[in-house]
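Comments concern the structure below.
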Amino acid sequence: MVDQSVNAGVRAQQGFALQRNMALFIILDNYNSKFDGTKYFLSLEHLEDILFCYLDDHGKAVKVETYQSKKKSGGSWKIGTDLAEIIVKILKVGKSLISDTHPKCCSYSHDLYFSSNTTMQLEKRVTCKVSRQSKTYSHAVNEESSEVIYDELDPVIKKAITTKLEKHQSYNNESLCDELDNLKFLYIDFNKTNKEQENQLRSKLEDILDRKISDSKAALESIFRLFKDVELAYNQKSVARLSDKSKQVQSQDINNAIEIITTKSKAFQFWRDHKREVGQKLGVKPFERETFEMKFSLAFDLFKSKDEAEHQKILGFVRSNYRQCNGFTEDDCIEELVDKFNNENSSNLDDQTLKATMYAAYFESINKMDD
């Protein structure tokens with residue numbers, strides 16, 4: 001499938017931000033019920049605005065969900081030319097998924113969503129030729145009925161939609177009607193401006209993590225960074241492929257980011273509540289506290305880097321020894337671990353960086369135990 005428009009989103013950063021925000025909203029809004037613990041990847045501005053591919057243990061596609069996400073400046077979506085053009089594009093994506101060479105399991109299926117934060121008013125008025133009385137068949141997609149399956153619509157409304165679709169040559173020539181069973185309409189209660197969307201995402205993060213985030217703005221920015229490479233990556237030879245890894249964000253990366261956010265927040269909260277006691281135990285002077293805080297904050301990210309051997313060594317040491325600590329408070333245990341490490345190991349980190357890294361490693365380790 002060659003389409004010169006597949007890179008259009010890369011050229012429009014504002015459009016990409018909308019799709020990124022919408023994808024994160026979908027994840028966070030369904031995190032506990034659908035995404036937590038599920039293996040998947042997502043792509044943006046690739047085969048479709050937003051694409052989720054759910055995988056089995058062998059990396060085969062179990063199910064794909066695509067989202068053509070559109071906002072409307074005024075009024076609601078109606079059955080008409082604009083909606084028909086969008087649906088034709090959506091149905092073409094369904095055909096592309098079938099022919100895509102990415103490995104699929106035998107029970108593979110896909111759902112094709114038209115999503116919007118604007119109400120969809122699907123209606124058709126019919127006049128009886130005999131009685132000359134009219135009746136309006138209507139189905140709204142809104143806050144009260146947020147997801148509507150095309151196949152479950154009233155036949156009169158379905159006929160009104162297909163009548164508009166049949167005016168498109170590609171709908172008829174490419175047998176796109178085969179994909180109508182996979183079509184769904186989705187209302188997403190999502191704000192319209194980027195700033196409002198980010199505030200809404202921050203609130204979602206706080207809800208999911210049970211208010212364990214000390215800085216939700218920084219937490220959201222750390223997740224946004226996962227999308228940077230995807231934003232800059234062009235589709236190879238302008239061919240959109242499901243298996244193009246340069247366009248993917250993996251579920252493992254998203255889960256790791258949320259894990260770091262949670263662990264870091266616990267460490268920050270403890271530090272802010274007990275910085276005087278921790279400072280006394282670890283020999284951190286009042287004027288050094290800000291630098292110490294910066295170093296232990298950075299350590300959480302460095303634990304994930306294979307290039308940071310020293311941080312990996314300290315994390316491994318703490319994971320192997322924190323259960324044997326004799327202390328009954330966190331700062332006692334951290335002090336004990338620092339002394340034990342210095343007696344048994346050497347490090348090229350300076351004393352303060354070593355202590356800050358040990359502090360972060362302790363919370364990283366006990367958080368893993370809690371999970």
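Sequence positions, counted from 1, serve as the residue numbers for this chain. For clarity, every value in this text was computed on a predicted model and none was experimentally measured.
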Salt bridge check, [Y] against [X]: does any charged N sit closer than 4.0 Å to a carboxylate O?
X	Y	answer
Lys340	Glu344	yes
Glu147	Lys184	yes
Arg319	Glu364	yes

Distance-only criterion, 3.5 Å: show the donor-acceptor pairs between side-chain atoms of residues 57-64 and protein atoms not counting sequence neighbours.
{"from": "Lys63", "atom 1": "NZ", "to": "Asp111", "atom 2": "OD2", "distance (Å)": "2.9"}

Looking just at side-chain N and O atoms, do [X] and [Y] make a donor-acceptor pair shorter than 3.5 Å?
X	Y	answer
Gln121	Trp77	no
Ser216	Glu206	yes
Asn191	Asn117	no
Tyr171	Gln169	no
Ser347	Glu310	yes

Open item on the list: Please give the remaining members of the hydrophobic cluster of Ile98, linking ILVMFWY side chains under 4.5 Å, ordered by chain and number.
Closed with: none
Open item on the list: Between Ser116 (side chain only) and Lys70 (backbone N and O only), is there a donor and an acceptor less than 3.5 Å apart?
Closed with: yes
TODO: Ignoring hydrogens and angles, tell me if any N or O in the side chain of Ser146 forms a donor-acceptor pair with the backbone of Asn142 under 3.5 Å.
DONE: no
- [ ] Check Val88 against Ser170 and note the closest heavy-atom contact, atom names and distance.
- [x] CG1-OG, 3.6 Å
Open item on the list: Let's go through Arg20 and Asp49 carefully: what are the C-alpha distance in whole Å and the side-chain angles of both, what is the deciding distance for salt bridge (Lys or Arg N to Asp or Glu O under 4.0 Å) to 0.1 Å, and is it a yes or a no?
Closed with: CA-CA 9 Å; Arg20 176 202 62 195; Asp49 285 349; over 6 Å; no
Open item on the list: Test of understanding: clusters of I, L, V, M, F, W, Y form through side-chain heavy atoms closer than 4.5 Å, transitively. Do Leu298 and Leu282 belong to the same one?
Closed with: no
- [ ] On the 0 to 90° scale, with breaks at 30° and 60°, tag the Phe35-Tyr54 ring pair as parallel, tilted or perpendicular.
- [x] tilted
